[in-house]
Number of protein chains: 2
Amino acid sequence: MEKQSYTRDNMADLLREHGINPTHQRIEIAYALFGRQEHLSADQIMAVVNDRHSETSKATVYNTLNLFKQHQLIREVIVDPSKVFYDPNTSPHHHFFNLETSELIDIDADAVQIQGLPQLPEGMVTEGVDVIIRIRPGNH
Amino acid sequence: MEKQSYTRDNMADLLREHGINPTHQRIEIAYALFGRQEHLSADQIMAVVNDRHSETSKATVYNTLNLFKQHQLIREVIVDPSKVFYDPNTSPHHHFFNLETSELIDIDADAVQIQGLPQLPEGMVTEGVDVIIRIRPGNH
DNA sequence: CCATTTATTAGACAAAGTCCAATCTTTAGT
DNA sequence: ACTAAAGATTGGACTTTGTCTAATAAATGG
Ligand SMILES: [Mn+2]
Ligand SMILES: [Mn+2]
Ligand SMILES: [Zn+2]
Ligand SMILES: [Zn+2]
């Protein structure tokens with residue numbers, strides 16, 4: 001039951017498991033997300049991977065994040081009107097969103113149940129359910 | 001119990017009730033949202049108010065929507081990574097989001113209950129809870 | 001009226017994200 | 001190893017959403 005650590009090496013394996021050819025840039029981007037287990041925006045990811053020396057372009061960051069998303073290696077979180085956050089956690093879960101700091105905190109979906117939702121409109125299927133609890137530093 | 005209709009005249013009253021000075025442009029923008037009771041983006045609102053003859057600038061559309069939001073006359077809905085939707089319904093409610101058409105459908109919050117949410121992080125208070133059910137034209 | 005405050009405007013600007021054609025890298029076949 | 005084809009990366013142009021600013025216009029109050 002030991003939690004696996006995330007190294008660049010097993011990033012390559014992870015990418016292969018998802019049918020993605022592991023290039024240098026893709027490994028670095030995956031490692032930025034999985035190594036930290038945080039919710040990062042594209043520009044934050046770009047800053048991380050180019051911290052030591054610049055080696056990954058903006059186009060590649062976006063290409064790669066969209067590729068990861070298509071292969072369901074990561075998911076997007078839409079909470080901030082000005083930027084998308086990318087989430088290495090693809091298991092069903094929800095979020096606290098700190099409106100002051102723009103930080104996201106995971107909420108395991110297993111513990112949560114939602115009741116009383118109306119029927120889906122005719123001919124529609126559910127793609128996902130997002131619960132976002134917008135929070136703010138409190139009152140006293 | 002007759003549902004009130006939304007005319008430009010009672011838009012002016014509505015604005016005054018919220019401490020907003022009712023100008024021609026503000027009335028048109030409010031009427032675009034409340035008259036339709038739909039979820040519209042800023043550019044859709046701009047198209048609506050300038051349909052007959054152009055009279056409202058982009059700056060005023062954004063100024064006005066932000067003003068309405070501050071006075072809690074409308075709220076924002078963040079579901080689409082590329083644009084904000086404005087919602088004339090400020091009572092607590094949730095949304096179906098049609099991923100094909102980008103249409104939003106209201107879900108009354110009274111019927112819905114959410115259980116098992118973890119405690120808020122220390123010193124934080126809830127500003128709001130958003131439930132978004134992403135839907136898509138179904139399977140057969 | 002006149003003076004002051006409030007609202008609107010065009011257009012410059014900023015930031016997030018996409019697109020493209022050129023280049024670089026990898027792969028597979030010989 | 002050499003080559004051709006396919007795949008990945010790149011800088012920079014471009015688009016879209018939204019903000020900002022300084023000038024103008026409209027409303028308000030005395
Ligand atoms: Mn490196
Ligand atoms: Mn008019
Ligand atoms: Zn998450
Ligand atoms: Zn709504």
Side-chain angles (χ1 to χ4, degrees), chain A residues 8 11-12 15-16 18-33 39-50 52-71 73-87 102 104, chain B residues 8 11-12 15-16 18-33 39-50 52-71 73-87 102 104:
Chain A
R8 283 177 178 80
M11 284 305 100
L15 295 181
R16 276 186 218 98
H18 285 258
I20 298 166
N21 196 359
T23 64
H24 186 154
Q25 286 88 338
R26 287 169 180 174
I27 288 169
E28 290 299 319
I29 290 169
Y31 185 61
L33 279 165
H39 307 82
L40 300 176
S41 61
D43 67 306
Q44 289 174 318
I45 290 165
M46 181 142 174
V48 167
V49 300
N50 288 332
R52 296 167 154 275
H53 59 293
S54 188
E55 61 186 351
T56 307
S57 69
K58 183 173 64 150
T60 295
V61 170
Y62 281 103
N63 286 347
T64 299
L65 290 169
N66 286 327
L67 183 75
F68 286 2
K69 179 180 47 163
Q70 279 162 34
H71 288 261
L73 181 60
I74 63 174
R75 58 176 271 199
E76 290 182 341
V77 184
I78 314 297
V79 282
D80 184 309
S82 72
K83 59 172 72 99
V84 170
F85 288 103
Y86 293 90
D87 193 340
S102 288
L104 286 160
Chain B
R8 284 178 177 77
M11 284 304 102
L15 294 182
R16 275 185 218 99
H18 284 259
I20 298 166
N21 197 359
T23 64
H24 186 151
Q25 286 90 337
R26 288 169 180 176
I27 288 168
E28 290 300 320
I29 290 169
Y31 186 61
L33 278 165
H39 306 83
L40 301 176
S41 62
D43 68 307
Q44 288 175 318
I45 290 165
M46 182 143 173
V48 167
V49 300
N50 288 332
R52 296 168 154 273
H53 59 292
S54 187
E55 61 185 352
T56 306
S57 69
K58 184 173 63 149
T60 295
V61 170
Y62 280 103
N63 286 347
T64 301
L65 291 169
N66 287 328
L67 183 75
F68 287 1
K69 179 179 47 159
Q70 279 162 35
H71 287 261
L73 180 60
I74 64 175
R75 59 176 271 197
E76 289 181 341
V77 184
I78 314 297
V79 282
D80 183 309
S82 73
K83 59 172 72 101
V84 170
F85 288 103
Y86 294 90
D87 192 340
S102 288
L104 286 159

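The sequence lines fix the lettering, A, B, ..., with proteins before strands; numbering per chain opens at 1. Bear in mind the structure is a predicted one, so any value in this text is a computation, not a measurement.
Between the P atom of dT9(C) and the CD atom of E28(B) lies a distance of 12 Å, rounded to the nearest Å. Rounded to whole angstrom, the span from the CD1 atom of I29(A) across to the C1' atom of dT10(D) amounts to 13 Å. The CE atom of M46(A) sits 11 Å away from the C1' atom of dT10(D) (whole-angstrom rounding). Between the CD atom of Q70(A) and the C1' atom of dT18(C) there is a distance of 14 Å, given to the nearest Å. Distance, I20(A) CD1 to dA8(D) C1': 13 Å, rounded to whole Å. Computed from coordinates, the H24(A) NE2 to dT10(D) C1' distance equals 15 Å when rounded to whole Å. When rounded to the nearest whole Å, the span between CD1 of I27(A) and P of dT9(D) equals 10 Å. Atom CG in N63(A) sits roughly 15 Å away from atom P in dA21(C) (whole-Å rounding).
Applying the salt bridge (charged side-chain N to carboxylate O under 4.0 Å, His left out) criterion to R26(B), with sequence neighbours excluded, gives no partner residue. The side-chain hydrogen bond (donor to acceptor under 3.5 Å, both in side chains) check on D80(A) picks up S82(A), with sequence neighbours excluded. For S41(A), the side-chain hydrogen bond (donor to acceptor under 3.5 Å, both in side chains) partners two or more places apart in sequence, or in a different chain, are D43(A), Q44(A). Residues satisfying the salt bridge (charged side-chain N to carboxylate O under 4.0 Å, His left out) criterion with K69(B), sequence neighbours excluded, are E76(B). For the side-chain hydrogen bond (donor to acceptor under 3.5 Å, both in side chains) test, no residue two or more places apart in sequence or in another chain qualifies with S102(B). By the side-chain contact (heavy atoms from CB on, under 4.5 Å) test, M46(A) pairs with N50(A), K58(A), V61(A), sequence neighbours left out. In this structure V48(A) satisfies the side-chain contact (heavy atoms from CB on, under 4.5 Å) test together with A32(A), R36(A), sequence neighbours excluded.
Between dT9(C) and S57(B), a contact under 4.0 Å exists linking OP1 or OP2 to a side-chain N or O. The phosphate of dT25(C) has neither OP1 nor OP2 within less than 4.0 Å of any side-chain N or O from Q25(A).
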Atom pairs, N/O to N/O, protein against nucleotides 15-18 of chain D, distance under 3.5 Å?
residue: dG18(D); atom: OP1; partner: V84(B); partner atom: N; Å: 3.1
residue: dG18(D); atom: OP2; partner: Y62(B); partner atom: OH; Å: 2.8
residue: dG18(D); atom: O5'; partner: Y62(B); partner atom: OH; Å: 3.4
residue: dG18(D); atom: N7; partner: K58(B); partner atom: NZ; Å: 3.4
residue: dG18(D); atom: O6; partner: K58(B); partner atom: NZ; Å: 2.8

Per-nucleotide protein contact string for nucleotides 23-30 of chain D, where B marks a base within reach and S marks sugar-phosphate only (heavy atoms under 4.0 Å, - for neither): --------
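Rounded to the nearest 0.5 Å, atoms CD1 (I29(A)) and NE2 (H24(A)) are 10.0 Å apart.
Here the closest heavy-atom approach between residue L33(B) and residue Y86(B) is recorded as CD2-O, 3.5 Å.
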